[in-house]
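Heads up, the thing below is written out as structure tokens.
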Amino acid sequence: MAEAQQPARKTRPAPLLFEPVESVADPEHFFDLESIEDPRELLSRSTELTLAFRAATDRAVEFQALAAAQLADPRRFDRLTPADIALRAGWTEDYAKKMIEFGRGLLRDGTPQ
């Protein structure tokens, strides 16, 4: 029996804080999670971080798409081809084309929120 799909709700992710330089040097250190002893608190904080990273990834991808669409804009005298954009971003040319189209859609509908 399939459960009813609930609409995705916008959650406010935990803020991503930059780690102190001395902590970054320690490969075992990750946002101070290793120091949390209570498993309930550890699950809660690590879940918050997971949501924050996902939200940051989604937002960054939208901005990548916007930039790709702007760089490929035929009205620009210095426009780039999808192959050039793919090379700069480390993508395949097919993925660059998809990102350009996604970015054009975002530009039509308004910038990411």
Side-chain angles (χ1 to χ4, degrees):
M1 174 182 217
E3 293 183 28
Q5 293 269 337
Q6 293 184 3
R9 63 184 178 106
K10 292 273 188 177
T11 58
R12 185 175 192 116
L16 293 177
L17 305 174
F18 290 100
E19 297 188 82
V21 175
E22 62 274 4
S23 298
V24 175
D26 179 3
E28 296 298 316
H29 183 84
F30 187 73
F31 288 90
D32 209 29
L33 292 177
E34 70 286 344
S35 70
I36 300 174
E37 294 181 17
D38 178 7
R40 287 177 193 90
E41 184 182 345
L42 179 59
L43 179 62
S44 177
R45 180 63 181 145
S46 60
T47 300
E48 288 174 348
L49 284 169
T50 299
L51 293 173
F53 283 121
R54 285 181 188 155
T57 298
D58 291 345
R59 187 119 167 109
V61 168
E62 289 177 346
F63 281 103
Q64 283 182 312
L66 285 172
Q70 291 170 344
L71 288 169
D73 187 340
R75 296 173 296 188
R76 289 177 62 112
F77 76 92
D78 61 344
R79 76 173 174 264
L80 299 178
T81 66
D84 292 332
I85 293 169
L87 185 63
R88 286 177 181 239
W91 300 333
T92 65
E93 188 173 347
D94 286 340
Y95 186 75
K97 289 176 184 175
K98 290 177 183 179
M99 287 295 278
I100 291 166
E101 286 308 311
F102 177 46
R104 286 178 177 157
L106 290 172
L107 288 170
R108 266 191 313 274
D109 299 340
T111 56
Q113 299 298 320

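Only heavy atoms go into these numbers, but all of them, side chains included; no hydrogens, no water, no symmetry mates. If you're wondering where the values come from, they're calculated on a predicted model, not measured in any experiment.
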Would you please name every residue forming a side-chain hydrogen bond (donor to acceptor under 3.5 Å, both in side chains) with Ser46, sequence neighbours left out?
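Checked Ser46 against side-chain hydrogen bond (donor to acceptor under 3.5 Å, both in side chains); zero matches.
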Going by the rule side-chain hydrogen bond (donor to acceptor under 3.5 Å, both in side chains), which residues pair with Thr57 if we only count those two or more places apart in sequence or in a different chain?
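Expected list: none.
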Would you mind writing out the side-chain donor-acceptor pairs for residues 99-106 within the sub-3.5 Å range, not counting sequence neighbours?
| unit_1 | atom_1 | unit_2 | atom_2 | d |
| --- | --- | --- | --- | --- |
| Glu101 | OE2 | Arg104 | NH1 | 2.9 |

Who pairs with Gln70 by side-chain contact (heavy atoms from CB on, under 4.5 Å), at least two apart in sequence or on another chain?
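Result, side-chain contact (heavy atoms from CB on, under 4.5 Å) vs Gln70: Leu107.
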Less than 3.5 Å apart, which donor and acceptor atoms pair up between the side chains of residues 85-94 and the rest of the protein, not counting sequence neighbours?
| unit_1 | atom_1 | unit_2 | atom_2 | d |
| --- | --- | --- | --- | --- |
| Thr92 | OG1 | Tyr95 | N | 3.1 |

If hydrophobic clusters are built by linking Ile, Leu, Val, Met, Phe, Trp and Tyr wherever their side-chain heavy atoms come under 4.5 Å apart, do Phe53 and Leu33 end up in the same one?
yes
Residue pairs involving residues 70-81 (criterion salt bridge (charged side-chain N to carboxylate O under 4.0 Å, His left out); sequence neighbours excluded):
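Pairs touching residues 70-81 that pass the test: Asp73-Arg75, Arg76-Asp78.
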Strictly distance-based, threshold 3.5 Å: is any side-chain N or O of Thr47 a donor or acceptor partner for the main-chain N or O of Leu43?
yes
